[in-house]
Amino acid sequence: MAFKRSGMIMMMLLLLGGCSLMPNKADEKKQAEASAYIPVQDYTGQGYSFDNGEETGEFAKQHRNEIIEKVKQYFKQKYHLDITVHQIYGATDAAVVFAESKKDPKFHTSVIVGIDLENKKIGDVGAYEGSVEGAITTGLYVMAYEKEFQKLDDFCTAITKEYPVIGRTKEAVDNTVDSGYATPYYYLNTTHLEFLNSYKSFLNNPKINGQSLKKLIEDQKFISDNMIIEMTFYMRKKHENPDRTPVDKIKDELKKQKDFPPGEYSISVNSNDILMRTGTEKEYKDSDKEHNEVIIEPNGEVAK
């Protein structure tokens, strides 16, 4: 499936439906539904929103610099990290701030900043439990397997040349993705509890290198679904619905590869159209879960 909003974002009472429509007006309904979607190659995050975010969003615009400063301090003090704020959205009694780390470990995440509209005050910065820690851990994992992830990047680029699929724009990733390490073609999904030694070592020594992280990771028992690698492509032709054929072909191609990052790989090919307010696909086709996903072991070989 496509890039997903995190549990924290779901906690913000996001409405997944379309626009409010006048009843019994088929033409107006069809037009409204069409206008809610946009081709993925044109999507940079425009229209992305949270429920009840109009007033808090306007307040956040007026106090953008103050919110950014509070978020930067939060990451610096708690995680020893410098971040770039990409986007701020209004939500219920809060602003949701999408950010990206400036240096290794690289990752995307989001935090919540409380907003008191009645007293016109900015509250504390917080996050859904474990969401930032999990995002950081995905970045540490990429540091540990830097060469392997470069091969995965090259593979994804080659797939878009061989098959009628594309990825998201970098702007869409920056403005709408908060799941951790993410590229236009895939994102990683884990929690810091799955790689606790690596995470604690980073907190104790923010300058820890990839080689040391790799040793810590490989010293623990390999469990494939401790690290999920979600490969997400979209149909290239504008407004085209997803086709099952590329999913199977990409899966077959993936099974032939060697020296890729270890983990459990999931593959999806989505419709070209994106629902703007949620950043999710209109339709999708994914790999066959009855036959499990593609698992690559620490030796770089595909599990039999």
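- Remark: the backbone N or O of T160 is paired with a side-chain donor or acceptor of R236 at under 3.5 angstrom.
- Q46 places a side-chain N or O within 3.5 Å of a backbone atom of T44 that can act as its donor or acceptor partner.
- Taking the six-membered ring where tryptophan is involved, the planes of H86 and H108 are essentially parallel, since the angle between them stays under 30° and well short of 60°.
- Of the inter-residue distances, the one linking K214 atom NZ with D219 atom CG reads 12.5 Å to the nearest 0.5 angstrom.
- Note on K256 versus D252: no salt bridge recorded, every NZ/NE/NH1/NH2 to OD/OE distance being 4.0 Å or above.
- With no hydrogens or angles considered, a side-chain donor-acceptor pair links N209 and S212 at under 3.5 Å.
- Residues A60 and I88 approach most closely at CB-CG2, 3.8 Å, considering heavy atoms.
- The pair D42-K238 counts as a salt bridge, with a side-chain nitrogen and a carboxylate oxygen less than 4.0 angstrom apart.
- We find the OG1-CG distance between T138 and N189 to be 9.0 Å, quoted to the nearest 0.5 Å.
- Without hydrogens or angle criteria, S101 side chain to F107 main chain gives a donor-acceptor distance under 3.5 Å.
- Listed here is the closest heavy atom pair of V302 and K255: CG2-O, 3.4 Å.
- With values rounded to the nearest 0.5 angstrom, Y48 atom OH is found 9.0 Å from T280 atom OG1.
- Between the side chains of Y145 and E218, a donor-acceptor pair is found at a separation under 3.5 Å.
- When all heavy atoms of D273 and P39 are compared, the closest pair comes out as OD1-N, 3.9 Å.
- Between K106 and K102 the shortest heavy-atom distance is NZ-O, 3.5 Å.
- At least one donor-acceptor pair closer than 3.5 Å links the side chain of Y43 to the backbone N or O of M276.
- The closest donor-acceptor contact from the side chain of E55 to the backbone of T92 lies at 3.5 Å or more, if one exists at all.
- Atom CD of E66 sits about 11.0 Å away from atom CD1 of I68, to the nearest 0.5 Å.
- Formation of a donor-acceptor pair under 3.5 Å by the S110 side chain with backbone atoms of V96 is not found in this model.
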What verdict does the side chain to side chain contact (heavy atoms under 4.5 Å, CB included) test give for T232 and Y185, after you've listed the backbone C-alpha separation in whole Å, the side-chain angles of each residue and the deciding distance to 0.1 Å?
CA-CA 5 Å; T232 308; Y185 306 115; over 6 Å; no
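- When atom types are taken as modelled, the side chain of S271 and the backbone of E283 share a donor-acceptor pair closer than 3.5 angstrom.
- With hydrogens and angles ignored, the 3.5 Å screen pairs no side-chain donor or acceptor of E58 with any backbone N or O of E54.
- Cluster annotation: L193 and L140 are assigned to distinct hydrophobic clusters (Ile/Leu/Val/Met/Phe/Trp/Tyr, side-chain heavy-atom contacts under 4.5 Å, transitive).
- At least one cation-pi condition fails for K151 and F260: the charged atom is not both under 6.0 angstrom from the six-membered ring centre and inside a 45 degree cone around its axis.
- Closest approach of E297 and A303 over heavy atoms only: OE2-CB, 3.7 Å.
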Output, in order, the C-alpha distance, side-chain angles, deciding distance and verdict of salt bridge (charged side-chain N to carboxylate O under 4.0 Å, His left out) for E148 and K258.
CA-CA 9 Å; E148 291 85 347; K258 291 186 177 181; over 6 Å; no
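- To the nearest 0.5 Å, atom CD1 of residue I136 and atom CG of residue D104 are 12.5 Å apart.
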Steps toward salt bridge (charged side-chain N to carboxylate O under 4.0 Å, His left out) verdict (K170, D174):
CA-CA 6 Å; K170 177 64 165 62; D174 289 340; 2.8 Å; yes
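- A distance of 10.5 Å separates OH of Y187 from CG of D178, quoted to the nearest 0.5 Å.
- Between Q41 and N272, the side chains place a donor N or O and an acceptor N or O closer than 3.5 Å (distance only, hydrogens not considered).
- Side chain of N205 to backbone of S201: no donor-acceptor contact under 3.5 angstrom is found.
- Taking all atoms of both residues into account, the shortest heavy-atom contact from T137 to T191 is CG2-O, 4.2 Å.
- Side-chain N or O atoms of N119 include none that pairs as donor or acceptor with a backbone N or O of K121 at under 3.5 Å.
- Here D82 does not pair with K72 in a salt bridge; the nearest charged N to carboxylate O distance is not below 4.0 Å.
- In this structure, the side chains of L254 and I267 come closer than 4.5 Å at one or more pairs of heavy atoms.
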